[in-house]
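See below for the structure under consideration.
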Amino acid sequence: MDDTPWNSPWPTVTALHAWLTERSPLPPEQQTLLRMLKLSEEVGEVAEAVIGATGQNPRKGVSHSWQDVQSELCDVIVTAMVALTTLTPEPGRVFDDHLAKVARRSLGGD
């Protein structure tokens, strides 16, 4: 990968998707299902970090920082992008179209 400014994550996500696919011994159908399930794992790590950042586990106390939460949220985003790349050859277009629909619905225009 080159050192160009980060203006689109999709080339990196595509490379990560290819890297995961090349190294998986599983058939494509199983890879797809497991990539969707990986999202649940990552969201659980966000919850764990929030609980740790707020000290809500009396046994552990404050075990995480809000920077840990940020990092875990980024993992969720990357995992979702890889999952989307698994389902469509045009993940950037699909995402852009969906984001535009959400923006119209939420910010006006629809």
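Follow the hydrophobic side-chain contacts under 4.5 Å out from V76 and you never reach M81; the two are in separate clusters. Residues I77 and L99 share a hydrophobic cluster, clusters being chains of Ile/Leu/Val/Met/Phe/Trp/Tyr side chains in contact below 4.5 Å. Two different hydrophobic clusters hold L84 and L34 under the rule that ILVMFWY side chains link at heavy-atom gaps under 4.5 Å. Taken together through direct or relayed side-chain contacts under 4.5 Å among Ile, Leu, Val, Met, Phe, Trp and Tyr, V62 and W66 form parts of separate hydrophobic clusters.
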Show your reasoning for whether side-chain contact (heavy atoms from CB on, under 4.5 Å) applies to H17 and T86.
-> CA-CA 7 Å; H17 175 267; T86 301; 3.2 Å; yes
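Between V43 and S40 there is no side-chain heavy-atom pair separated by less than 4.5 Å. Counting heavy atoms from C-beta outward, S71 and D68 have side chains that stay 4.5 Å or more apart. Counting heavy atoms from C-beta outward, E45 and H64 have side chains that stay 4.5 Å or more apart. For the pair L87/M36, a side-chain contact is recorded, criterion being any heavy-atom separation below 4.5 Å from C-beta on.
Residues V82 and V13 approach most closely at N-CG1, 3.8 Å, considering heavy atoms. The minimum heavy-atom distance between L26 and Q30, with the atom names listed, is CD2-OE1, 3.6 Å. What you find for A83 and L39 is that their closest heavy atoms are CB-CD1, 4.5 Å. Listed here is the closest heavy atom pair of T85 and P91: OG1-CG, 3.5 Å. Residues V78 and L16 share a closest heavy-atom pair of CG1-CD1, 4.0 Å. In plain terms, the two heavy atoms of T79 and R35 that are nearest each other are CG2-O, 4.4 Å.
A donor-acceptor distance shorter than 3.5 angstrom exists from the side chain of S106 to the backbone of V102, with no hydrogens or angles considered. For the pair Q56 (side chain) and T54 (backbone), a donor-acceptor distance under 3.5 Å is present. In this structure, T14 contributes its side chain and W10 its backbone to a donor-acceptor pair below 3.5 Å.
Using a 4.0 Å cut-off between charged side-chain N and carboxylate O, D97 and R93 make a salt bridge.
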